[in-house]
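The chain is numbered in sequence order, starting from 1. First listed ligand is number 1; within each ligand, the first listed atom is number 1.
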Amino acid sequence: MPTELLFRDDAYLKTASAHVTAARDGGFEVDRTIFYPLGGGQPGDIGWLMRANGERIPIIDTRKGDVPGSVRHILAPGTTLPEPGEAVSLELDWERRYALMRLHTALHVMSSVVVAPVTGGNIAPDKARLDFDIDMTLLDAAKIEHGTNELIARAVATETVWITDEELDARPELVKTMSVQPPRGAGRVRLLKIPGIDLQPCGGTHVKNIAEIGGIRVVRIRNEGKRNKRVEIVLA
Ligand SMILES: [Zn+2]
């Protein structure tokens, strides 16, 4: 059964109550969740499951479930699973998630500084990267860092915008990331808008205002292949 994705409307929820809808093979599903499942270059959330009997069980990963729209919360091997129908609470490892949100949003900002098709990307709690289809000589770490930080200093609020599949098909320039398909479903696509800076399909979690990123440092630029020139950043 599909899971209501509470982080889509509010990425700042740290806890939520929910009911277990399925539990098997070391994981469980709930009717609603604050846990982001691995996808679009962003790792699955970790945190804790709180049962009514007071047990606090670590959730070690989150993945998309077998049924479209469902989310699977993975527990450590050997952990007792909750029962279907059980009322539980979920708690995020917020420090980790917030770092992911800041780095994820930083990549959106950086993608408007490096003007080239994005061929890959990944976000970890301590660093993030984008791969570009661009000539190595056009990538200057100091310029990218300075340009990105200048935009972050504008302190603009981010917005979530929904458009129809047809509207997206009519505006292919919105899809910067060639390796990741936009999060389609039910005929509409979610976009992240950073006014004056970036607009692209994205189903991930972002900060409300880019000022929350603080600033970034470019730590490495490396040739990872013909169409993959990798720019790696950390939070400053
Ligand atoms: Zn995003």
Side-chain angles (χ1 to χ4, degrees), residues 5-13 33-46 62-64 69 71 92 94 96-133 144 147-149 151-152 154-165 167-168 171-186 188-216 218 230-235:
L5 308 176
L6 300 173
F7 55 82
R8 280 277 165 86
D9 292 320
D10 185 355
Y12 287 76
L13 292 172
T33 192
I34 50 176
F35 280 64
Y36 179 83
L38 170 76
Q42 184 175 331
D45 280 324
I46 66 172
T62 308
R63 299 293 178 95
K64 287 172 181 154
V71 174
L92 272 187
W94 173 249
R96 176 180 181 275
R97 156 69 95 68
Y98 190 53
L100 291 169
M101 283 163 56
R102 291 169 69 202
L103 278 164
H104 183 144
T105 312
L107 290 184
H108 280 276
V109 176
M110 188 177 80
S111 78
S112 76
V113 173
V114 180
V115 183
V118 176
T119 50
N122 196 63
I123 304 150
D126 60 339
K127 62 185 177 187
R129 61 174 166 81
L130 283 179
D131 291 356
F132 297 96
D133 187 358
I144 296 168
T148 304
N149 285 331
L151 292 176
I152 289 169
R154 286 192 199 169
V156 288
T158 64
E159 298 168 21
T160 299
V161 183
W162 292 90
I163 61 172
T164 63
D165 288 352
E167 284 171 314
L168 180 67
R171 297 181 65 186
E173 76 279 4
L174 287 178
V175 183
K176 286 186 189 174
T177 308
M178 300 153 80
S179 61
V180 178
Q181 279 302 305
R184 287 170 187 259
R188 59 182 202 153
V189 182
R190 183 180 190 256
L191 306 180
L192 177 76
K193 182 178 184 180
I194 308 178
I197 296 175
D198 189 40
L199 174 65
Q200 61 178 298
C202 191
T205 57
H206 310 96
V207 292
K208 283 181 186 161
N209 188 300
I210 61 171
E212 293 176 48
I213 300 167
I216 59 111
V218 174
R230 181 164 298 173
V231 181
E232 193 171 281
I233 63 167
V234 295
L235 294 171

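Judged by distance alone, with hydrogens and angles left aside, the side-chain atoms of E167 form a donor-acceptor pair with the main-chain N or O of T164 at under 3.5 Å. Under the 3.5 Å distance criterion, the side-chain polar atoms of S112 are left unmatched by any main-chain donor or acceptor of D198.
Closest approach of A106 to I216, counting heavy atoms only: CB-CG2, 3.7 Å.
For residues 101-122, the set of pairs meeting the ring-ring contact (aromatic ring centres under 6.0 Å, His included) definition, not counting sequence neighbours, comprises H104-H108, H104-H206, H108-H206.
With a cut-off of 2.8 Å, the protein N/O/S atoms near the Zn ion (ligand 1) add up to 4.
The side chain to side chain contact (heavy atoms under 4.5 Å, CB included) test applied to K64 returns P37, not counting sequence neighbours. For F132, the ring pair (Phe, Tyr, Trp, His ring centres under 6.0 Å) criterion is met by no residue, not counting sequence neighbours.
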